Structure formats: C-alpha cells, structure tokens
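Just below is one structure, and these are the notes that go with it.
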Amino acid sequence: MIDFCGIRLEHEVINGSGTFDAIAAQRAFGDELLERFPFSAFVSKTVTLEPRQGNPPPRLWELGAGMINSIGLPNKGLRGYLAEDLPKLRELPVPLFVNVMGSAAEDVARLVAAFGARDEVAALELNVSCPNVKTGLLMGADPGETAALLDAVRPQTAKPIIVKLTPNCASPAAVAAAAEAHGADAVSLINTLRGMAMHPRRPAEPWLGGGTGGVSGPAVRAVALAQVREVRERVRIPIVGMGGVQSGRHARDLLDAGADLVAVGTESFRDPYAGGRIAAELGRIDANSGVFSGASDEARPPIAQRR
Ligand code: RRO
C-alpha cells in the first residue's frame, strides 16, 4: 500500500487521463478486466461544464514511436457525466480521480465544486495542458495564470487537487512551483507535446482535422524523464510522472527521476491490461539496486487475445 495525498493505493501505476475508458473496456472485455483492474486509481477523461463534440476527423496519426492525437475533448459535460458515468464508475474497485478543464477559472471552480461534493470522487485533476483546444494551454503555460486558477479553485474543495502540467511551455517547473505555492496537492506530467503530420496525398495539408495534435508514446519518454526531474527539483508535493511508459523499467526510471506515481497512457491502446503488467514488473525491480528479479511476462498475450 502506498499513500498518495492521503489516498491509499495498491501500487504506483495509474492511467493517464483519456487513455483508458473504463466503461467501454468493461463493455468490450467483460468483468475480467475490472476484476483484475490494471490501475491502482482510475483517472477520468477530461470533463468540461458543457458537452463538447471534439475535433473533426481524422483524430489520430500513428508515428514510428507513438502517435499524435487531436481528439479535442469530446465529453458529455458536467450534467451528463454526473448522471450517466459517475454511477458506473463508482463500481470500480479503485479510487476515482476526475479530470476537469474550463476556458475560464470560474468554469473550473464550478466543476471542482460539483465533483468535490461527490463521495465517489477521491481527487480532482485540473487539465491546464490540453494541446488540442486553444484555451486549454494558456492557464498552464504561465505561472501567474496557474496561480490565479488555483486561487479560484482551491476554496471549492478539501479533496486533493492535482495539476496536470504541459510540456509545451518555457518552464514546467516554474508552473509547478506556482501551483504548489497556491495550494495544489500534487502535479502530473507530461501531457502531450504539440506536433503535426502532413497529409500523405495532399501537399501542404495537415492530416489531422484539428491541424496539430499531441505527441505521446515512446517518442516522448526522454522528455518526460527530464521534466519530472526538473519539477522534482522545484517542488515538494507528489508528482505523477508519465510519458511513453511501456514496461516496469520505464516506470522505475520515472520514480527514480522523482515521481511518486506513474501513469500509463498510449501503451493501454495496444493492450488494455498493460498497466497491470507494468505494475507487476515494477514490483519485481528492487528499488535500491535496480535489479529485476523473476521472469518477465511481456510475452503473455494481451487480454483481448486471451478471451
Ligand atoms: O482530448 C484531447 O484532444 C486531449 C486532451 Br483533453 C489532453 O489533455 N491531451 C491530449 O493529448 N489530447
């Protein structure tokens, strides 16, 4: 058992927001996935006050070492989420962290107040770092804006508030320090790096409907390590580290760089049980020596093929 902001978790591996849909996973893979839930806490996809359609397609581009997404935050909005998703997510065997975003501090404050009042919700994550909607980046790119957001949001709940940082700014560590100074309980990083792909058959046109998107997967792992280390040197609050984690070794590296928890994102698209495998591998790496003991189960077929 580990303690994260007063919440007891079975192990250090959680999911990155928006990379694992627990409700869809249960539909697709049945109760087995939920009985052996891969993560020690579940982080929701970002919720906004009003429903959103998301960006026009195409929304994904596969890279040699990851992908670019331009999803654009489709979601049911606060009312739809409370009515339809929360009753299902309360059945999960792990604590629920709800990720929220707004284009103004008052919107985020309303979301935090609404979710903070719900017993099903263990913690809030503030998404100030989405690369795919224009308003999302501003608050998280600037320490002063982040401080002002925390001033509006902190009084709304006593529950832990995690601030999800963007790598697309001059100094994620300065933003993290501002978040800590204004009451954040933890920070998480990295969200995706802004990137672009050209259309393979139409010269000068971007492939993604949103024009640009967010790069994730192994391609960003080294960036995540460097930024987690930099943030750890500036803040004392817990850090959720993520970026290209595919194995227990990658998770161990982020913990060694200063993270307290590790999130798995893109890898869950290949195998929804990747988080469970990574947690098991991490448990077999000695934290002091770095030595891996026991057989790797990397060769085990993904859950989708075993059914
Ligand atoms: O929905 C998205 O396009 C999205 C979000 Br909210 C985010 O935080 N990060 C990302 O890469 N995509």
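Start at 1 and go down the list; that is how both ligands and their atoms are numbered. Note that the structure is a prediction, hence the values are computed from the model and not measured.
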Review point. Are Tyr273 and Phe29 an aromatic pair by the rule of ring centers under 6.0 Å?
Key: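 Between Phe29 and Tyr273, which both carry aromatic rings, the centre distance is not below 6.0 Å.
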Review point. For ligand 1, is there an N or O atom under 3.5 Å from any N or O atom of Gly214?
Key: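 No.
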Check your understanding: Can you check whether Lys45 has an N/O within less than 3.5 Å of an N/O in ligand 1?
Key ->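 Such a contact does occur with ligand 1.
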Practice item. With heavy atoms only and a cut-off of under 4.0 Å, state how Ile71 meets ligand 1: side chain, backbone, both or neither. Key: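 Both of them.
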Check your understanding: Hey, is Asn127 touching ligand 1 through its side chain, its backbone, both or neither, going by heavy atoms under 4.0 Å?
Key ->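 Answer for Asn127: side chain.
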Under a 3.5 Å threshold, yes or no: a donor from one side chain and an acceptor from the other, between [X] and [Y]?
| X | Y | value |
| --- | --- | --- |
| Ser188 | Glu125 | yes |
| Thr46 | Asn99 | yes |
| Ser129 | Asn127 | yes |

Check your understanding: Got His11 and Leu282 here, is their nearest side-chain heavy-atom distance under 4.5 Å?
Key ->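 Answer no - side chains too far apart.
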Practice item. Taking the side chain as every heavy atom from C-beta outward, state whether Met101 and Lys164 have any atom pair closer than 4.5 Å. Key: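 No, their side chains stay 4.5 Å or more apart.
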Exercise for review: Using the six-membered ring of Phe292, assess whether NZ or CZ of Arg249 lies under 6.0 Å from its centre and within 45 degrees of the ring axis.
Suggested key: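 Ring-cation test returns no.
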Check your understanding: So, Asp185 and Arg154, do they make that salt bridge, N to O below 4.0 Å?
Key ->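 Answer for the salt bridge query: yes.
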To the nearest 0.1 Å, how far is [atom] from its closest protein heavy atom, and which atom is that?
| atom | answer |
| --- | --- |
| atom 5 (C) of ligand 1 | Cys130 SG, 3.2 Å |
| atom 2 (C) of ligand 1 | Gly72 N, 3.4 Å |
| atom 6 (Br) of ligand 1 | Leu73 CD1, 2.8 Å |
| atom 12 (N) of ligand 1 | Asn69 OD1, 2.9 Å |
| atom 9 (N) of ligand 1 | Asn191 OD1, 2.8 Å |

Exercise for review: Go through ligand 1 atom by atom and flag the ones less than 4.0 Å from a non-hydrogen atom of Thr46.
Suggested key: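 It comes down to these atoms of ligand 1: 6 (Br).
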Review point. Which of the numbered atoms in ligand 1 are below 4.0 angstrom from a heavy atom of Thr192?
Key: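 The atoms of ligand 1 under 4.0 Å from a heavy atom of Thr192 are 9 (N), 10 (C), 11 (O).
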